[in-house]
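Have a look at the structure below before the remarks.
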Amino acid sequence: MKPALIYDLGQPELAEILTSWGESTYRVKQLWQGVYLQLWDSPELFTNLPLGLRQKLAEAFRFSHLQTETTLSSRDRETVKTLFRLPDNQPVEAVLMRYERRRTLCISTQAGCAMGCVFCATGQMGFRRNLTSGEIVEQVLYYARRLHQKSEQVTNVVVMGMGEPFHNYDATLAAIDRLNERDGFNFGARRFTISTAGLVPAIRRFTAEKRQINLAVSLHAADDELRSSLMPVNRKYPISELLEACREYVEQTGRRISFEWALIQGVNDTIEQARKLSERLQILKRQGTVLCHVNVILLNPSPHYNQQASSHERADAFLAEIRRHGIPCSVRLRRGIDIQAGCGQLAGQL
Ligand code: SAH
Ligand code: SF4
């Protein structure tokens, strides 16, 4: 049997294995804290454990699945992107963005993606495979270790890298839960944001679980014809159904929802789209406030999509129209454009 990736296992599973070796629960705690508090990534570093146990750990577990293939820093050094390879050669990307005190990490949940959004480099690759929970966890630990060397910490994690997290629901949520454990990495649920292309049943499941994790929905168009032409998933879950699921989420959790909108010149950046969007979002209104936030981003170029990002003038006009209807919105800075920090852009070229 191949050694298990240690980040795939929760404390109960590790306890079971160590107990079967005749070890005490105290050792399980030491192992857990070594991995998630000390951020040790090799059994040799566990010098608080007896040598025999360290050797057993080395035989039973892998402490890394991710091989760093390429690391790119943007010119301003504020964005770092890493392309990893998994043992089966699949690509995975993660991006770290620095902004004042924030250290926001963008992680992947799948190699490739099955959703086929036409503007997205990951979508253009097609679906390769789901990542395991441990492979998702390891991306966070990788950057946490790098930041730790500079006495810094990851402050936010956005699940907006390669793949559709709600198409790999269990592994994604298991990874977040593992990183959330108090006696380990202790990363608060509120500091995670999951972005989905709009898988309605999964949004409903997420709502029912009443988690503290933030939810973002990629909308990009306000009518079904346009949205289906950009995002094939819309044919299965059209906008009215999607927004109804969003309404239930807002109602049942009392939390705001974010909507992502990549502005594409002459495609979805018209005043008409802004108006339609504003009208449709009114169903999220509670006591005079529309409980959402529209995050506008300028389209990042991708190899197989022949459209341009909107001009700043058009972007400003689009935002002004949404604001006029009382919808909170902002432009997300386009970070790391010179290192292709957009979704799947590096792997897609290989
Ligand atoms: N699959 C999820 C999360 C990963 S994509 C989702 O689609 O929401 C993260 C975000 O990047 C999404 O909002 C997606 O629509 C957006 N995106 C993808 N390709 C892009 C591009 N070329 N330019 C700008 N945003 C893009
Ligand atoms: Fe998949 Fe998201 Fe890209 Fe669409 S935008 S293809 S859902 S990763």
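When a ligand or atom number is given, it counts from 1 through the structure's own listing order. On a predicted model such as this, the values are computed, not experimentally measured, just so you know.
- For the atom pair OH of Tyr142 and CG of Leu105, the computed distance is 11.0 Å after rounding to the nearest 0.5 Å.
- Between Asp8 and Arg62 no salt bridge is recorded (no basic side-chain N to carboxylate O distance below 4.0 Å).
- The pair Glu244-Arg247 counts as a salt bridge, with a side-chain nitrogen and a carboxylate oxygen less than 4.0 angstrom apart.
- Between Lys276 and Glu272 a salt bridge is recorded (basic side-chain N to carboxylate O distance below 4.0 Å).
- For ligand 2 and Ala197, the ligand atoms under 4.0 Å from any heavy atom of the residue are 7 (S).
- Short contacts between ligand 1 and Cys120, defined as distances under 4.0 Å to a heavy atom of the residue, involve ligand atoms 18 (C), 19 (N).
- At a threshold of 4.0 Å, the pair Glu152-Lys150 does not count as salt-bridged, since none of the basic side-chain nitrogens sits closer than that to a carboxylate oxygen.
- The option from Ser218, Gly161, Ser302 that lies nearest to atom 6 (C) of ligand 1, judged by heavy atoms, is Ser218.
- Metal site remark for atom 3 (Fe) of ligand 2: Cys120 contributes an N, O or S atom at a distance under 2.8 Å.
- A salt bridge links Arg324 with Glu321: the closest approach of a Lys/Arg side-chain nitrogen to an acidic carboxylate oxygen falls below 4.0 angstrom.
- Within the 4.0 Å heavy-atom criterion, both parts of Cys117, backbone and side chain, lie near ligand 2.
- Looking at ligand 1, you won't find any N or O of Val159 less than 3.5 Å from one of its N or O atoms.
- Below 3.5 Å of separation, one finds no N or O of Ala262 facing any N or O of ligand 1.
- Taking every heavy atom of Glu260 and a limit of under 4.0 angstrom, the matching atoms of ligand 1 come to 13 (O).
- Counting atoms of ligand 2 from 1 in the listed order, those under 4.0 Å from a heavy atom of Met115 are 1 (Fe), 7 (S).
- In the displayed structure, Glu181 atom CD is contacted under 6.0 Å by more than 12 heavy atoms of other residues, nucleotides or ligands.
- Heavy atoms of Cys106 stay at 4.0 angstrom or farther from ligand 1.
- Below 4.0 Å from some heavy atom of Gly123 lie the following atoms of ligand 2, by number and element: 6 (S).
- Salt-bridge check for Asp76 with Arg98: failed, with every basic side-chain N at 4.0 Å or more from each acidic carboxylate O.
- The residues Glu23 and Lys56 are annotated as not salt-bridged, no charged nitrogen and carboxylate oxygen being separated by less than 4.0 angstrom.
- Neither the backbone nor the side chain of Val217 has a heavy atom within less than 4.0 Å of ligand 1.
- A heavy-atom separation below 4.0 Å is found between His220 and ligand 1.
- Near Gly163, meaning under 4.0 Å from one of its heavy atoms, ligand 1 places the atoms 1 (N), 2 (C), 3 (C), 4 (C).
- Heavy atoms of other residues, nucleotides or ligands lying less than 6.0 angstrom from CD of Gln153 number 12 at most.
- Listed by number with element, the atoms of ligand 1 under 4.0 angstrom from any heavy atom of Thr196 are 6 (C), 8 (O).
- The shell of residues lying under 4.0 angstrom from ligand 2, judged by heavy atoms, includes Gly163.
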